Protein chains: 2
Amino acid sequence: MAKPGTSSRLVTEGAGRSAATKQVLVEAAIETLKAEGFAGASARAIAGRAGCNQALVFYHFGSVVGLLLAALDAVSASRLEHYSASVEDVRSPAELVEVAAAIFREDLDAGHVTVLVEMIAGASSTPGLGAEVAARISPWKQFAKQVIDSVLGDSALGTVIPSGELAHGVVALYLGLDLLTHLGEDRAPALALFDHAKQLAALVEVLGIGRLPATTAPAPKEAS
Amino acid sequence: MAKPGTSSRLVTEGAGRSAATKQVLVEAAIETLKAEGFAGASARAIAGRAGCNQALVFYHFGSVVGLLLAALDAVSASRLEHYSASVEDVRSPAELVEVAAAIFREDLDAGHVTVLVEMIAGASSTPGLGAEVAARISPWKQFAKQVIDSVLGDSALGTVIPSGELAHGVVALYLGLDLLTHLGEDRAPALALFDHAKQLAALVEVLGIGRLPATTAPAPKEAS
DNA sequence: GTCTATACTTGGATAGAC
DNA sequence: GTCTATCCAAGTATAGAC
């Protein structure tokens, strides 16, 4: 990790200092979006949380919106990476719901999805921001579609409901549940829904309409 | 409708003038929330849309937040009244989904739900606003729960999934779909979901696990 | 690269004329 | 009840010192 050619002091001088500042600003922007929403995410509020000067927002990101988009990028990248790793071994609908429930609880408690929600809701206040945000949401829908495809495949269920539309609904539900939960401070009804979804998924498996046909899912080998 | 004792001029003087101004401000607040979001809903922006003076916001509503809450009240009341009338004759899950699809399309095009979404998302920027908004969302969940109860009742489905949790999910999905649709400018995937829901509801009916038992739903009489 | 200082704009809110 | 005028706080953004 240590870069060659830099002095012994790690981030107090040298080329890495700029990147470090950008990073604390991005993290502070994320925290500010969670705690005070889009309307409260001013350059002053974010810089205050980051413990640095307000002018640095404009030096490093050009504008407040520029920083907020960088924050959205960071959350998206980190979460999508985590999602991918989590669903790697998922093979059935019931397993998927189980994993999704765990991830949702994480996201809810950490407020990751709130960053997306605030940016979407705040997009209408700034011309051109909507398209930027939309472009950053699209990977979430693509990921959901891929996972749904890998679990439902060309099974009976997957044929009746197109995975793209189902993914759209899943992402919408995810955003809406986050919205309601952070408003009401009660995450119980949202988590309970995942339990019921788990039962439904198990039912789908029993009925044999959700598992992949054997031809597209050969017996897994031991070696990775 | 005409009030006794007032002059021939309708709203230019007299007691009704205040109410009329309040109403145009509320309507302008609704439009501003739809078009510019919570972050863009300033007293000046709203008053400009209403065609009146910015100071009137504070005279009539005390603060900008006060006006926005009045706007949320107005939308909630008008929509819930419309919902109630629409589901009055609904007796089966399939009918309910049909009615819900029509209502959703209305809400989407008119932006009614966007007002809720913006207020929820904006609530975190102002101390104390969250509780006020939560109190105004709760009737939506109660309504959804009542309708779900009236259609599923103590049937098989209604017993497996508690109506309160299902209502929570339905409202969340409603909010999330609105959020995504107004971002992406494409309502097709959201509307398609209602079509699939209709098929599912029809399946539920065929299986006989969604209709009310005859004892709780006697044959309707002609007189209301 | 980071800070201070500052110009400029917008927004919430109030006082007082009409 | 409505308007004009105004105050003050907060926000964006830039210039220039360090």
Side-chain angles (χ1 to χ4, degrees), chain A residues 3 6-7 9-26 28-29 32-33 35-71 118 122 124-129, chain B residues 3 6-7 9-26 28-29 32-33 35-71 118 122 124-129:
Chain A
K3 294 175 187 170
T6 52
S7 79
R9 270 172 290 175
L10 268 179
V11 240
T12 52
E13 63 179 53
R17 197 171 160 202
S18 174
T21 299
K22 288 180 75 165
Q23 193 185 333
V24 297
L25 276 174
V26 164
T32 308
L33 277 173
E36 312 190 41
F38 182 90
S42 68
R44 284 180 158 88
I46 297 171
R49 209 177 277 264
C52 71
N53 194 273
Q54 167 254 350
L56 291 178
V57 169
F58 304 95
Y59 176 78
H60 286 293
F61 299 94
S63 67
V64 175
V65 166
L67 170 54
L68 295 179
L69 285 174
E118 288 294 333
S124 52
S125 73
T126 306
L129 182 53
Chain B
K3 294 175 187 170
T6 51
S7 79
R9 271 172 289 176
L10 269 179
V11 236
T12 53
E13 64 181 49
R17 196 168 158 206
S18 175
T21 300
K22 289 180 75 167
Q23 194 186 334
V24 297
L25 276 174
V26 165
T32 308
L33 277 173
E36 312 191 40
F38 182 90
S42 69
R44 286 179 160 87
I46 297 171
R49 209 176 278 265
C52 70
N53 195 274
Q54 167 253 351
L56 290 178
V57 169
F58 304 94
Y59 175 80
H60 285 293
F61 299 94
S63 67
V64 174
V65 166
L67 170 54
L68 295 180
L69 285 174
E118 288 294 333
S124 51
S125 73
T126 307
L129 182 53

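Remember, predicted model here, so these are calculated numbers, not experimental data. Sequence lines set the chain letters: A, B, ... in the order given, protein chains first and strands last, and positions in each chain run from 1.
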Protein-nucleotide distance (Ile46(A), atom CD1; dA13(D), atom C1'), rounded to Å: 15 Å

Validation row: Leu69(A), Phe61(A) side chains within 4.5 angstrom (heavy atoms): no

Value in whole Å for how far the P atom of dA15(C) lies from OH of Tyr59(B): 14 Å

Spacing of Phe58(B) atom CZ relative to dT4(D) atom P, expressed in whole Å: 16 Å

Thr21(B) vs dG1(D): side-chain N/O to OP1/OP2 distance below 4.0 Å: no

Donor-acceptor pair present, Arg44(B) side chain and dG11(C) base, under 3.5 Å: yes

Integer-rounded Å distance: dG1(D) P and Leu25(B) CG: 13 Å

Atom-to-atom span, CG of Asn53(A) to P of dG11(D) - whole angstrom: 14 Å

Side chain of Ser18(B) - closest among dG1(C), dC3(C), dG1(D): dG1(D)

Side-chain (Glu118(B)) to main-chain (Phe38(B)) donor-acceptor, under 3.5 angstrom: yes

Leu33(A) and Ile46(A): CA distance, side-chain angles, deciding distance, side-chain contact (heavy atoms from CB on, under 4.5 Å) verdict: CA-CA 9 Å; Leu33(A) 277 173; Ile46(A) 297 171; over 6 Å; no

Rounded distance (Å) that lies between atom P of dT14(C) and atom NE2 of His60(B): 15 Å

Nearest listed nucleotide, side chain of Gln54(B), among dA5(D), dG1(C), dA5(C): dA5(D)

Distance in angstrom units between Arg17(B) CZ and dT2(D) C1', rounded: 6 Å

Touch class at under 4.0 angstrom, heavy-atom based, for Ala55(A) against every strand present: base

Nearest atoms (heavy-atom pairs only) where Leu25(B) meets Cys52(B): CD2-SG, 3.8 Å

DNA chain C: 5'-proximal contact among Gly40(B) and Leu56(A) (nearest heavy atom): Leu56(A)

Touch class at under 4.0 angstrom, heavy-atom based, for Val64(A) against every strand present: sugar-phosphate

